[in-house]
Structures are given as structure tokens and as C-alpha cells.
Amino acid sequence: MKVAVVLFTRDLRVHDHPALAASVRAAEHVVPLFVHDPSLPAGSNRRTFLDGCLSDLASSLRQRGGDLVTLRGDPVDCALRVAKQVGAAGIAMSADVSGFARARSQRLAAACAAEGVAFREFPGVTIAEPGSLRPGGGGSHYKVFTPYYRAWQASSLREVHGAPRRISLPEDMPKSWFATGDPDAVSGESAARERLSSWLTHLESYGDHHDDLAADRTSRLSPYLHFGCLSPRELVARVDGHAGAEPFVRQLCWRDFYHQVLSAFPDLRRRPYRPGAEDSWRDEPDALEAWKAGHTGVPIVDAGMRQMLQEGWMHNRARLITASYLTKHLYLDWRAGGDHFYDLLLDGDVANNYGNWQWVAGTGNDTKPYRRFNPLRQAERFDPTGDYVRRYVPELADIPGKAIHEPWKQPASTRRGYPSPLALDAK
Ligand code: FAD
């Protein structure tokens with residue numbers, strides 16, 4: 001093949017990119033393309049992060065002789081327009097599972113067929129392809145994590161691809177197609193690889209510390225995984241054989257698990273996954289706003305919500321506590337909570353976000369849908385010194401030790417206007 005187009009979406013990297021690797025092998029010239037789709041909702045945190053990822057990708061491609069064509073519009077129209085203009089015989093991209101992504105690739109496949117351009121999708125977004133592992137008895141996907149994890153561990157994984165050494169663009173490409181922008185130190189593949197290398201020293205203690213809120217010892221790789229700055233398949237290869245890898249790889253498998261759930265159940269964002277699940281909720285806008293703002297009066301909940309407001313990221317244990325508080329203490333709709341998370345999180349992702357929300361709300365894949373986290377017990381267990389709360393709820397910072405978790409037991413002067421709890425279990 002003389003020319004191929006690679007359409008990037010949320011696979012913004014050059015390492016272990018099967019569609020890019022195959023195109024570089026098959027074609028003399030490769031045109032890497034990214035299309036900003038104005039119809040795609042993305043929180044503003046993610047938009048800024050995305051810009052950094054694209055600048056970094058463009059820079060990596062330039063180092064290899066290529067560049068990144070960046071356009072705005074409908075991705076199908078843009079990809080076809082570019083393919084025609086450069087005389088490409090084929091378009092390649094990574095397969096993805098959301099309803100949005102699937103509709104996009106179906107339209108692109110149809111448009112390519114009509115124009116006589118070859119279209120091919122490749123793996124790369126998950127470790128195991130959604131739908132590749134199926135339970136016995138003819139089910140379309142695994143509904144429960146543990147059997148999925150067993151099947152996943154026993155499956156063989158695809159090879160890991162290196163980054164292409166050289167990428168050659170066709171001559172005479174319009175200069176206006178190439179965006180300029182400086183890579184930043186936070187987003188993109190280079191930052192992701194640095195973060196991974198420095199974090200690997202914590203891998204050994206991941207199993208013991210990943211729930212310790214104040215220690216903040218999880219990888220914080222989720223935004224990079226969301227945008228595909230890191231290949232999850234390569235990540236497994238990088239940690240393979242290291243002490244402590246198993247509990248970490250298990251978390252990566254949760255990501256695959258929810259992707260195969262979303263692939264089989266595209267309504268995950270709006271409809272209860274579990275047939276017959278209780279799905280009626282109170283309508284209390286003031287309580288919802290207090291939760292969003294981190295003013296529920298329950299310090300561990302407010303600390304998590306404020307961490308997300310400040311950083312666009314929240315610790316997993318705090319996500320569990322805050323989501324459980326919304327749905328099982330305030331009895332508010334998991335969709336409202338999920339949408340708020342989705343707006344703010346840098347890693348906000350349909351499969352992981354709504355899959356986890358449904359798990360917590362008891363409408364999803366949890367085998368114990370009645371489970372309810374008691375925020376005080378969670379606080380004592382996972383923030384025993386109160387330092388996590390102290391970091392994000394400064395008005396309580398003077399309350400020493402774990403007493404910070406029950407400010408209502410303190411004199412009003414030390415609470416500095418902090419509200420009373422909206423709702424709470426007896427301990
Ligand atoms: P680590 O502990 O270092 O784990 C490594 C990777 O494994 C993560 O980056 C992530 O890709 C994956 N992972 C870990 N835990 C989970 C999990 N429970 N489900 C799926 N994948 C997991 N994760 C998202 O990526 N996007 C979301 O929108 C999202 N929303 C969530 C909403 C709720 C209510 C809950 C309870 C969890 C949500 N998670 C989401 C899962 C998890 O909280 C984050 O992936 C994790 O906190 C990211 O931090 P980390 O990279 O340091 O994780």
C-alpha cells in the first residue's frame with residue numbers, strides 16, 4: 001500500500017499501538033490524524049488534558065519523521081476527506097466500545113466501503129478485547145468479576161509492539177492541517193511513561209497501601225489509560241514478574257471487565273444493568289448540590305468530593321465512599337452522581353465510571369447489591385490519622401487525629417462554620 005491513514009481517538013501514543021504499527025508496516029507513507037469532534041461531550045478538565053496529549057503525540061511523531069494532522073468536524077467526513085486528498089488506500093483505527101465509538105466506526109466502515117477505501121480496526125484500548133472471553137453456556141459477556149478474572153488470567157495476550165522507528169508522510173500535505181502546541185509536563189505519552197517509571201518503585205507495596213487515602217500510593221495512571229497515552233497491554237508486560245504485580249494487574253482487569261460489560265450493554269450510562277434492580281431515588285436538589293460541593297457535613301465524603309473539584313481525580317476508596325453516600329445515605333440517583341463524576345474526572349470514562357457507579361448503587365454487577373459503606377467506619381479504617389480529610393477540608397484542620405472524622409462532637413469554634421451531617425448511620 002502506498003498511503004494509509006491512522007485515525008487516532010483515545011489511543012494517543014506511539015508505543016504499542018497496533019493500528020499504527022500495522023500501517024507503518026503495510027504502507028510506504030502514513031498519515032496520523034486526530035479529529036476534534038464538537039458533538040463529543042468532554043469535561044473541561046479532560047479537554048485541557050487532551051490538548052497536552054495531542055501536542056505530545058505530534059512531537060513524538062515529528063521525532064520519527066511524521067506529524068499529526070489535527071482537524072475539527074465530523075471524524076468520518078474528515079477521515080474520508082484526508083484519505084481522498086492524500087490518495088490513501090486504507091484507514092486504520094483502534095476499536096472502542098462505547099455506543100458513540102461504535103456508531104462512529106460503523107459509519108466510517110460504511111463510508112469507506114462506498115469510496116473503495118479499506119477500513120480496519122485493531123485492538124489497543126483494552127488488554128483483552130471485549131467479547132473475546134465468553135462464559136460457558138453461551139452468554140455474550142461475563143456479568144461477575146471473579147470468573148471473568150480467572151478466564152482473563154488464563155487467556156493468552158497479544159504481542160506488545162515497539163514504537164515505529166520512522167514514519168514517512170506523503171509529500172505536499174497542506175501546512176494548515178498540522179497544529180502547533182507545546183507538550184506540557186503533565187499530560188501525554190511522555191509524561192505517562194515517566195509517571196510509570198517513577199511509580200514502579202511503589203508496586204511492591206501496592207497491595208498493602210492502595211486503600212490508604214492519605215498515603216496516595218496508587219499509580220494515578222488512570223487519565224493516561226483513559227486517553228491511551230499508555231497501552232494497558234504494555235503496562236501488564238512492564239509489571240509482569242515484579243513483586244506485588246498481581247493486585248495491580250487485577251485492578252487493570254476491572255477496567256477490561258467494565259469495557260466488556262459496556263460492549264454488551266450499551267445503555268450502562270442510563271439504565272440499570274441488573275434486571276429487576278430497585279431504581280427509584282429521591283429528588284432533593286439541595287442535597288445533591290451539597291454533595292457536589294463537598295458540604296455534606298461528613299468529612300470523609302467532603303474530602304473526596306473536594307479532591308475531585310481541585311485535582312480532577314479522586315482516590316478509588318474515596319470514590320466508593322462518596323458514591324455510596326449519595327446513593328445509600330441520601331438516596332439520590334446514581335445517574336446524577338455518575339454524570340457529575342464524568343464531568344470532572346480526568347479519567348472520566350463511560351465504562352469505568354458508570355460501571356462502578358452501578359456497582360455501588362446496587363443496580364450493577366455487585367453480587368451484594370445491598371452493600372452500604374458506613375462513612376465513619378471507612379474513615380477510621382482508611383484514613384486513621386485524619387490526614388486525608390485535613391488535606392482537603394482545611395476548616396477542620398485544627399481538630400487533632402481521628403477526631404476530625406466527627407466534628408459534630410467538637411465545640412462549634414473548632415468547626416469554623418463546617419455544616420452538620422446531612423445524613424449519617426449510628427456507628
Ligand atoms: P490504580 O489503583 O493505580 O489502578 C491502576 C488502573 O487500574 C487504574 O488506572 C484504572 O485504569 C484501573 N482500575 C483501578 N480500579 C478500577 C476499577 N474499580 N474499575 C475499573 N478500572 C479500575 N476509573 C476510571 O478510569 N474512570 C472513571 O470514570 C472511573 N469512575 C469511577 C467511579 C466510581 C464511583 C468508582 C468507585 C470508581 C471509578 N473508577 C474510574 C475506578 C477507579 O476509582 C479509578 O480507576 C482509580 O481510582 C484510578 O486511580 P489510579 O490510576 O491511581 O488507580
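Position 1 is the first residue of the sequence; numbering continues from there. Both ligands and their constituent atoms are indexed starting at 1 by order of listing. Values below: every heavy atom of this structure, side chains too, minus hydrogens, waters and symmetry copies.
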- Task: For the residue pair Pro18 and Arg158, establish whether any side-chain heavy-atom pair is separated by less than 4.5 Å.
- Result: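 Counting from C-beta outward, Pro18 and Arg158 do come under 4.5 Å.
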- Query: Do Phe248 and Leu235 touch side chain to side chain, with heavy atoms closer than 4.5 Å?
  - Reply: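 Yes. Closest side-chain heavy atoms under 4.5 Å.
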- Could you tell me which residues satisfy salt bridge (charged side-chain N to carboxylate O under 4.0 Å, His left out) with Arg390, sequence neighbours excluded, listed by chain and number?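 Applying salt bridge (charged side-chain N to carboxylate O under 4.0 Å, His left out) to Arg390 gives Asp387.
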- Salt bridge Lys409-Glu406, side-chain N to carboxylate O under 4.0 Å: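 A salt bridge is present here (some side-chain N lies under 4.0 Å from a carboxylate O).
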- Item | Criterion ring-ring contact (aromatic ring centres under 6.0 Å, His included) against Trp357, the qualifying member of Tyr342, Tyr273, Tyr258, Phe341 |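 Filter result, single survivor: Phe341.
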- Message: Distance check, rounded to the nearest 0.5 Å: Leu203 atom CG versus Arg217 atom CZ?
- Response: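 That separation rounds to 11.0 Å.
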- Heavy atoms under 4.0 Å from ligand 1: which residues qualify?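 Near ligand 1, by chain and number: Tyr206, Thr218, Ser219, Arg220, Leu221, Ser222, Leu225, Phe248, Gln251, Leu252, Trp254, Arg255, Tyr258, Trp313, Met314, Asn316, Arg319, Leu320, Ala323, Phe341, Leu345, Asp347, Gly348, Asp349, Asn352, Asn353, Asn356, Trp357.
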